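Computed from a prediction, not measured in an experiment: that's the story for all the values here. In what follows, every heavy atom counts, from backbone to side chain, and hydrogens, waters and symmetry copies are set aside. A note on names: the letters A, B, ... follow the listed sequences, proteins ahead of strands, and every chain is numbered from 1.
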Amino acid sequence: MPLGKTYDPRGVESKWSERWRRERLFEADPAKGGRVFSMVIPPPNVTGSLHMGHALNNTLQDALCRFHRMDGANTLWVPGTDHAGIATQNVVERCLLEEGKDRHALGRERFVERVWEWKRQAGGAIVNQLVRLGVSCDWSRERFTMDEGLSRAVREVFVRLYEEGLIYRDRYLINWCPRCRTALSDLEVEHEETDGFLYHLRYPLADSTGVIEVATTRPETMLGDTAVAVHPEDERYTSLVGQALVLPALGRRIPIIADDYVDREFGSGAVKITPGHDFNDFEIGLRHGLDMISVMDEGAVMNDNAGPYAGLTREQCRERMVEDFEEDGVLARIEPHRLAVGKCYRCRTVVEPMLSVQWFVRVRPLAEQAIEAVRSGRTRFVPQHWEKTYFAWMENIRDWCISRQLWWGHRIPAWYCTGCGETVVSRTDPAACPKCQAALTRDPDVLDTWFSSALWPFSTLGWPDRTADLETYYPTSVLVTGFDIIFFWVARMMMMGLKFMGEVPFRDVYVHALVRDEAGQKMSKSRGNVIDPLAVMDRYGTDAFRFTLAAFAAMGRDIRLAEDRIEGYRNFMNKLWNAARYVLLQLEGRKVDCEIAEGEELTLPQRWILSRVSALTAAVREAFAGYRFNEIASLLYEFTWHEFCDWYLEISKLEICGPRPDVAREVLAVVLERLLRLLHPLIPFITEEIWQSLPHPGGSPRYLALAPYPHPEPSWRDDQAERAMERVMEVIRGVRNVRAEMNIPPAQRLDLVFRTDSEETARLLLEHAELVRALARVGQVRRVQGSERIAGSATLALSGLEINLPLAGVVDFAGERERLRRELAKLSAELDRVDRKLADRHFLTRAPEEVVSKEEAKREELLQKRALVVRGLELLAEAAGE
RNA sequence: GGUCGCAUAGCUCAGUUGGCUAGAGCGCCUGCCUCACAUGCAGGAGGUCGCUGGUUCGAGUCCAGCUGCGACCACCA
């Protein structure tokens, strides 16, 4: 066995991910039958590079997937990437810029070809990084949101929604990014609190009898004002409603209208109305039939409607207007004001509300079903509280603007007749207008990236065809995702899945936290606090990294990635590695069948460790069922390190020198092999590597990744053995404690004398004297009965058991006395507490009987222990000749 | 403005239906190169579970309020 002293993940990881893939271990077969477990990956952007969010998301998915696959489920995990409209177009445009070109010079067709080329070359990076993370996806089913099949699904959905009137085209106020030069949906606008100003402007009445003061954060929009609104019941203005004002700078006459949207308390109680550049004002404009004027072009440069300000940018215009207004007295005052500025989620440019003709999805009818599906529990959020967020959004959902003025994406399947103006929406490209036979021009726009993402759970399985994959794997079992895309993605998949499949897209939505840095800050390039998962994997190994992520993934809490925790789990991998080294050393050259024969006679530690494995197995399975990843990790960590390594491995060294070494070896092999299977979903590489050199139970597959996930073994459960072993360990720990506190050198052996009324305990200690002697470095183990007194010894007070360690000639008694006094104080304090409780009539009458009797038993034990400590002190005093 | 989440050892975090003498890792202290592992072994110190009330025989755990932090949503010019 050429295993090195420290585990070196390099080589091991790439070896196994290549072999797994080459041998097609993770390719699903719908014909396999049986219980199904299926997932679709949240497709990362093709432009992306693996970040902590991906690492966490995919580690958790992979753990689930491997668990269910091992557990015998017909398992499918569909991988893929998203074409990421704006993001990808931006990346390629930047490339062009470096070459001194731009997309307009290139032309649409060649530009799109260029993006495809980029995708072929650079788009696979994230996929390789996922492979490195160890994901067990079915790569034969890898999809891309722009590939042929998915494009067909997108087109089918678009046409059907259009035919049902759920997609429409209209002129409406939308969010516009002047840099990307495209419309955005509400979700793609990020609101950022910013320090700005509130500008108070004076609009003169047309009859020159006075002025009305209005306030705005964006003075340049006043060029598009078509009214001033006041509250209908505001007496200050009632007489003025219906009159006209003269718009400064342009001299346009605008009416004073009444609308109860206006807050009388704010500012002067009069609001300038700009339907062409403000969402509220747009609504008011609709209500009152106001003119809607755009004063900017697509690049947010002031247009001809801006009169003297035409040609300036929004920012320049604002500056100039403020100067001008200051001069001519229109500006009453400026005050600081905090406001939420909407920015483009891709490029951070300030978004401009603009009037334009766009395509929309009428989402309300779809949302109703999606709400109902979660209400009724057909889809379940874990943790459950996320459903509130989901409901809140769904209930207030607004129509979804789906057209984007980009070149990269699914082109909208709509054509307009150059003759009669007819709109044709079609599954296949039409040649001419079906009405008048005139030529058609195709809508230049593409769809929001999230439109195709919304179809992902069924489009990846072959829809609109009725495929075996679709039959078998839809609805998927669980969607694992971060909460940041519940609206963008989860909600829309729900709507589309219900609409087109008639069934929810996933049974569970497991929502995990965000990964932050150690200080709790969101990781971002601009903050410079990004920890690169690839660097972490290089440094500590992928398994250590995965284990860390799982251990941190407690529900409902953000993850602060602490580097020393990763190091700690790296050490854990090393521990496992060395445990395996030890076991393999013991097995070398021997035949081990890795099974415990029925009726095999086992030692107490053997029965104990098998019972513990069985309990562990049950607990881990339960934790998997509840998506409690941190619990899975800590259960396995605790058992591996502390029960298996610290105790059983040490004990096995004795057993192998004992009368039945083969049984001891068998138990070692059995426990380690099971442990590897239990650990594999979290740490696939190291476990596969070790497993391959270990004997396996008969009928095992060739890879651990396909080996059955262990079940608890009822026949291994042995409460009696667990209790007995716990007793023995308690004695050993006690002795070690005394030794350490007394500073007894390791080589120095102490004798152990015990006294107990329990024959069972006595038998236990005498039978396992060898164990105690070896692990606690004890000389003789002897029982005393009757009145024999052990003078000058250290005393251990255990329940129903007194242990004396004669110290003559070894240590100062004063130290031991000190130790006993501390012990006594502790026992007395606790006894007080228990006594008080048991003296409480309410407690006795109202607490359940078992709780009361537990306290009573505790009292007995404390009393008895205290007596032992007191006696120990007396004996010490005697020995000291006091 | 609305909604949600979080506050537990020096640090990073567990703590599922209330029964805890509150746990882990790292760090710290003591002693060990014990033949799997010094990325280790054995032992130890360290917490009025943010604050104030309430419910209960009993609250880190449930309820209310407060304080602080964070997130999301929102049309207050």
Side-chain angles (χ1 to χ4, degrees), chain A residues 3 5-7 191 198 214-218 221 229 261-263 265-268 270-274 278-284 337 339-340 383 385-386 388-389 392-393 396 483-484 486-487 513-514 516 518 520 522 540 544 551-552 554-565 567-586 622-623 626 628 630-631 634 637-638 645-646 649-650 653 733 736-741 743-747 775-777 826 829-830 833-834 837 840-848 850-852 854-855 858 862:
Chain A
L3 296 183
K5 271 180 111 170
T6 50
Y7 171 59
H191 295 274
L198 196 55
V214 295
T216 178
T217 54
R218 308 190 52 210
T221 62
Y261 151 77
V262 179
D263 177 358
E265 311 299 318
F266 191 93
S268 64
V271 194
K272 62 188 268 311
I273 303 299
T274 322
D278 182 284
F279 288 97
N280 292 314
D281 295 2
F282 179 76
E283 295 295 328
I284 293 178
H337 185 75
L339 66 154
H385 69 255
W386 285 111
K388 272 198 174 179
T389 307
W393 189 72
N396 297 302
F483 59 79
D484 47 336
I486 288 180
F487 306 141
L514 236 56
R516 299 172 179 279
E518 230 161 315
K522 198 167 169 173
Y540 300 101
F552 268 115
M555 279 192 228
R557 195 187 244 243
D558 283 349
I559 296 172
R560 298 192 191 198
L561 198 66
E563 191 130 349
D564 57 3
R565 279 286 285 269
E567 196 181 317
Y569 291 122
R570 189 270 318 263
N571 295 352
F572 176 66
M573 299 309 138
N574 199 234
K575 189 74 182 172
L576 180 64
W577 183 252
N578 277 290
R581 239 158 51 92
Y582 165 78
V583 173
L584 288 165
L585 208 69
Q586 303 308 324
E622 214 170 295
R628 293 190 301 273
N630 64 313
E631 195 177 322
S634 68
Y637 181 95
E638 171 67 23
C645 291
D646 288 350
L649 242 52
E650 292 306 320
K653 290 174 186 172
R733 271 193 285 255
R736 282 171 172 173
N737 182 336
V738 171
R739 296 189 62 108
E741 293 216 0
N743 269 316
I744 296 168
L775 296 185
R777 296 177 174 276
K826 229 197 241 169
E830 208 181 323
R833 215 185 45 80
V834 175
K837 220 171 190 178
D840 185 345
R841 218 159 15 92
H842 297 291
F843 175 72
L844 293 176
T845 52
R846 288 184 214 183
E850 66 205 71
V851 174
V852 175
K854 212 168 123 191
E855 287 298 314
K858 193 185 282 176
L862 287 168

- prompt: Using a cut-off of 4.0 Å on non-hydrogen atoms, how would the nucleic acid contact of A:R565 be classed: base, sugar-phosphate, or nothing?
  reply: base

query: Any idea which of B:rC57, B:rU39, B:rU34 is nearest the A:R777 side chain?
result: B:rU34

task: Using the P atoms only, state how far B:rG2 lies from B:rG54, rounded to an integer number of Å.
output: 28 Å

message: Roughly how many Å apart are B:rU16 and B:rG23, using the P atom of each and rounding to a whole number?
response: 14 Å

- prompt: Out of B:rG19, B:rA74, B:rC37, which has the shortest distance to the side chain of A:V851?
  reply: B:rG19

message: Would the distance check show the side chain of A:N396 and the main-chain N or O of A:A392 forming a donor-acceptor pair, the cut-off being under 3.5 Å?
response: yes

message: Among B:rA42, B:rG19, B:rA36, which nucleotide has an atom closest to any side-chain atom of A:P848?
response: B:rG19

task: Assign A:K653 to base, sugar-phosphate, or nothing according to its heavy-atom contacts below 4.0 angstrom with the strands shown.
output: base

query: Between B:rC62 and B:rG27, how far is it from one C1' atom to the other, in whole Å?
result: 35 Å

task: Take atom OH of A:Y261 and atom P of B:rC76, then tell me their distance rounded to the nearest Å.
output: 8 Å

Whole-angstrom distance between B:rG60 and B:rU17, as gauged at atom C1': 15 Å

query: Considering only side-chain heavy atoms of A:A847, which listed nucleotide, B:rG19, B:rU21, B:rG44, is closest?
result: B:rG19

field: Residue A:K854, side-chain heavy atoms: nucleotide from B:rC20, B:rC4, B:rC37 that is nearest
entry: B:rC20

task: State, with a plain yes or no, whether a side-chain heavy atom of A:V852 is found less than 4.5 Å away from one of A:F843.
output: yes

field: A:Y569 ring center within less than 6.0 Å of A:Y637 ring center
entry: yes

query: What nucleotide among B:rC57, B:rG44, B:rC73 has an atom nearest to a side-chain atom of A:F487?
result: B:rC73

query: Between A:H842 and A:L339, who's closer to the 5' end of RNA chain B by nearest nucleotide?
result: A:H842

query: Toward the 5' end of RNA chain B, which comes first, A:Y7 or A:E638, by nearest nucleotide?
result: A:E638

